[in-house]
Number of protein chains: 2
Amino acid sequence: MAKKKVMREMDFSTEEKIKNAARVVFQKKGLAAARTRDIAEEAGVNLALLNYYFRSKEKLFEIIMYETLTNFAKGITGIFNDENTTLEEKIGLLVEKYLEMLTNDPNIPMFILSEIRNRPKDLLEKLPAKSVLSNSVAINQFGEMAAGGEFSEKDIPHLLMNLLGLTVFPFVGKPFIMALGGLDELEFNTLMQERKKMIPLWMKTMMSVK
Amino acid sequence: MAKKKVMREMDFSTEEKIKNAARVVFQKKGLAAARTRDIAEEAGVNLALLNYYFRSKEKLFEIIMYETLTNFAKGITGIFNDENTTLEEKIGLLVEKYLEMLTNDPNIPMFILSEIRNRPKDLLEKLPAKSVLSNSVAINQFGEMAAGGEFSEKDIPHLLMNLLGLTVFPFVGKPFIMALGGLDELEFNTLMQERKKMIPLWMKTMMSVK
DNA sequence: GTCTATATACGGATAGAC
DNA sequence: GTCTATCCGTATATAGAC
């Protein structure tokens, strides 16, 4: 059996420590509320090193945002462009993958969406998925089903919004939902696991409402 | 016919002008990114007057946030506690009301949720709806339907999340969705109008999946 | 109540020693 | 590469004249 390499914080280079800390702080607080001092403290390094490795807070932010967007989009495009799966299978895989990812990293959706609010044009240009999505295999499969009379062509944007909303919204509203429902972290995560089975089922019924 | 009183900006008191401007700026940019200078300019008043009428940016923010939360919750509690409507009717009324409100004021959900992210305990204490919701007529009606075997008791939190998500999520992700779908403002609003009929229908089908 | 001018605080960035 | 000390712009808040 191969010896597994366990990385401790100490094993990271200073540059990596800063990036990891920046990811945590930016994703939790957003660009405007994040302090470079928070990041330095989180990373356990001297404040001046942030400017040594990354010229400015803005540059550091852009790196984190770019990586976050790319990583987030990667999952969608991969699944949505597989020629060998049905639409139903794609939905199941997507929901499974994103619920898993977001359970581990629940701040990502709010991070992306709130920063887009503050700098729409700047960030939306960098959206890799834009034209990729509209030419995807999944969209074609939606179109075929509509042509087959399962639902109307006009419903496709709604169905996509619903898929995204049912999966992502609970994380965007996580503190709100936890407070309203009196849930602790574990109970919330259990609900999210349940949704792996439920969302594909709901999507299926919504796609048969003529 | 009675003469309708048309209020122009001039007709507002300085205090009202500041509050109206603060609402716009805070809801658009959030507390951290909003500048008092932006608010003063938006209101068309001298910067020093903000501190004259409201001791600080924080105080002004708290007033706006409190009003926004109260106003947002008011709609839910009213509809959810009506003894004389069925659950199905309540869902229809709620969706209709909120899609209308949010089409006119699309920044509210992101404003509330992103500020809750930054100051969870502080703001969530002020949530009026917390215990109100769990004792509401609507929740009892959900329970009755579950007892009648329409769906499982365990599904109720999911169904509430879905109702909220299907209605509110498109506004939280508005710039993202518009960019991804290549939609302009009018097309987006048209979709939201369509959802007034569709969400209640989808909810109905989700509440019959045994 | 409203203005101009200014004080004060905070946060990002840098100079320079080690 | 890393540290301490400090600079400097920006933003909030206030003093004081009108």
Side-chain angles (χ1 to χ4, degrees), chain A residues 7-68 111 114-115 117-119 122-123, chain B residues 7-68 111 114-115 117-119 122-123:
Chain A
M7 279 276 200
R8 291 182 308 279
E9 189 61 21
M10 237 188 65
D11 300 319
F12 288 93
S13 70
T14 299
E15 188 170 349
E16 286 170 325
K17 282 191 223 171
I18 293 171
K19 264 183 64 173
N20 290 336
R23 187 168 11 255
V24 171
V25 174
F26 280 138
Q27 287 184 357
K28 188 156 66 187
K29 310 223 258 183
L31 172 62
R35 310 288 129 198
T36 53
R37 286 169 168 81
D38 301 338
I39 296 172
E41 188 181 6
E42 172 80 24
V45 305
N46 188 284
L47 172 60
L49 293 175
L50 268 67
N51 290 308
Y52 177 78
Y53 284 100
F54 309 89
R55 274 183 47 79
S56 69
K57 177 187 171 182
E58 292 281 332
K59 298 271 185 203
L60 182 52
F61 172 79
E62 276 170 31
I63 290 169
I64 299 299
M65 176 53 79
Y66 179 78
E67 286 184 5
T68 305
F111 173 61
S114 68
E115 296 303 331
R117 168 182 71 160
N118 293 333
R119 335 168 48 177
D122 188 25
L123 285 179
Chain B
M7 279 274 203
R8 291 183 307 279
E9 189 62 21
M10 239 188 66
D11 299 319
F12 288 94
S13 70
T14 299
E15 189 170 348
E16 285 170 325
K17 282 190 223 169
I18 293 171
K19 264 181 64 173
N20 290 336
R23 190 173 3 260
V24 171
V25 175
F26 280 139
Q27 288 184 359
K28 187 158 65 187
K29 310 222 255 184
L31 172 62
R35 309 289 120 178
T36 53
R37 283 169 168 82
D38 301 338
I39 297 173
E41 188 181 6
E42 171 80 23
V45 305
N46 187 284
L47 172 60
L49 294 175
L50 269 66
N51 290 308
Y52 176 78
Y53 284 101
F54 309 89
R55 274 184 47 79
S56 69
K57 177 186 170 182
E58 292 280 331
K59 299 271 185 203
L60 181 54
F61 171 79
E62 278 171 29
I63 291 169
I64 299 300
M65 176 52 79
Y66 179 79
E67 286 184 5
T68 305
F111 173 60
S114 68
E115 296 303 330
R117 168 183 70 161
N118 292 334
R119 335 167 48 178
D122 188 26
L123 286 179

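Letters go in sequence order (proteins before strands), and every chain restarts at 1.
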Residue met sooner reading DNA chain C from 5', once B:Leu47 and A:Leu31 are mapped to nucleotides: B:Leu47

What is the distance, to the nearest angstrom, from the [atom1] atom on [X] to the [atom2] atom on [N]?
| X | N | atom1 | atom2 | result |
| --- | --- | --- | --- | --- |
| A:Glu41 | D:dC3 | CD | P | 14 Å |
| B:Lys59 | D:dT12 | NZ | C1' | 15 Å |
| A:Asn46 | D:dT2 | CG | C1' | 7 Å |
| B:Arg35 | C:dC10 | CZ | P | 15 Å |
| B:Tyr52 | C:dT4 | OH | C1' | 17 Å |
| A:Lys57 | D:dT10 | NZ | C1' | 12 Å |
| A:Leu50 | D:dT2 | CG | P | 12 Å |
| B:Phe54 | C:dT2 | CZ | C1' | 15 Å |

Nearest heavy atoms of B:Lys29 and A:Asn118, plus distance in Å: O-OD1, 3.7 Å

Heavy-atom side-chain proximity of B:Lys28 to B:Phe111 below 4.5 angstrom: no

Strictly below 4.0 Å: does [X] bring a side-chain N or O up to OP1 or OP2 of [N]?
| X | N | result |
| --- | --- | --- |
| B:Thr36 | D:dT12 | yes |
| A:Asn51 | C:dG12 | no |
| A:Tyr53 | D:dT2 | yes |
| A:Arg37 | C:dG11 | no |

A:Glu15 (side chain) donor-acceptor with A:Tyr53 (main chain) under 3.5 angstrom: no

Neighbour count above 12 (heavy atom, 6.0 Å) for A:Arg55 CZ: no

B:Lys19 NZ: over 12 foreign heavy atoms closer than 6.0 Å: no

Minimum-distance nucleotide (side-chain atoms of A:Ala48 versus C:dG12, C:dA13, D:dC3): D:dC3

Sugar-phosphate only, base, or nothing, as touched by B:Ala34 at under 4.0 Å among non-hydrogen atoms: sugar-phosphate

